[in-house]
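First the structure, in the form of structure tokens, and then the observations on it.
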Amino acid sequence: MYLLEVLSGPLDGKTWPFEREITIGRDDGLAEACLALDRYVSRRHAKLQIDAGSLRLVDLRSRNGTRLGGRPVVGEMPLPVGVPFVVGRTILRVTRA
């Protein structure tokens, strides 16, 4: 089990548990992790996937992009547990529950 946590932004401290996959976005009908207060987040912005025990960050062709380590995420990238990433103007990280 993993936790997606907001580190900085309008929902600072908010968490969402997930086991295999979670979608991040502004529309609560399309995303389990809804960041409705960040207007730079697309309706379906990014997705986190667990594949064979490794975590992957996928940008879903969002308008303002997803950033990991200061670089844009193109397609999908490995995401180490605990490393912050940016969706819109919100900083998030994944930890083990």
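With rounding to the nearest 0.5 angstrom, the OG1 atom of Thr90 is 11.5 Å from the CZ atom of Arg26. Atoms CG and CD1, on Leu48 and Ile24 in that order, are 4.5 Å from each other to the nearest 0.5 Å.
Cluster partners of Leu60 are Val58, counting Ile, Leu, Val, Met, Phe, Trp and Tyr whose side-chain heavy atoms approach within less than 4.5 Å, directly or via other members.
Looking only at side-chain heavy atoms (C-beta outward), Val83 and Leu68 come within less than 4.5 Å of each other.
When atom types are taken as modelled, the side chain of Thr66 and the backbone of Val73 share no donor-acceptor pair closer than 3.5 angstrom. Asp59 places a side-chain N or O within donor-acceptor distance of the main-chain N or O of Ser62, the cut-off being under 3.5 Å.
A ring pair (Phe, Tyr, Trp, His ring centres under 6.0 Å) check over residues 5-57, counting only residues at least two apart or in different chains, returns the pairs Tyr2-Phe18. Applying the salt bridge (Lys or Arg N to Asp or Glu O under 4.0 Å) rule to pairs touching residues 31-58 yields Asp27-Arg43, Arg56-Glu76, sequence neighbours excluded.
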Does the side chain to side chain contact (heavy atoms under 4.5 Å, CB included) test come out yes or no for Thr15 and Leu4, once each step is laid out?
CA-CA 5 Å; Thr15 61; Leu4 174 61; over 6 Å; no
Evaluation steps, side chain to side chain contact (heavy atoms under 4.5 Å, CB included), between Leu57 and Phe85
CA-CA 9 Å; Leu57 176 60; Phe85 63 97; 3.9 Å; yes
As a quick check of understanding, evaluate side chain to side chain contact (heavy atoms under 4.5 Å, CB included) for Val94 and Leu3, giving each step before the final call.
CA-CA 6 Å; Val94 176; Leu3 279 178; over 6 Å; no
Between Leu11 and Leu35, does the side chain to side chain contact (heavy atoms under 4.5 Å, CB included) criterion hold? Intermediate values first, please.
CA-CA 7 Å; Leu11 297 172; Leu35 302 173; 3.9 Å; yes
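Among all heavy-atom pairs drawn from Val87 and Ala46, the shortest one is CG2-CB, 4.5 Å. Between Thr95 and Val81, the shortest heavy-atom distance links the atoms CA-CG1, 3.9 Å. The minimum heavy-atom distance between Ile91 and Pro84, with the atom names listed, is CG2-CB, 3.9 Å.
No continuous path of ILVMFWY side-chain contacts below 4.5 Å connects Leu7 to Leu92, so the two sit in separate hydrophobic clusters.
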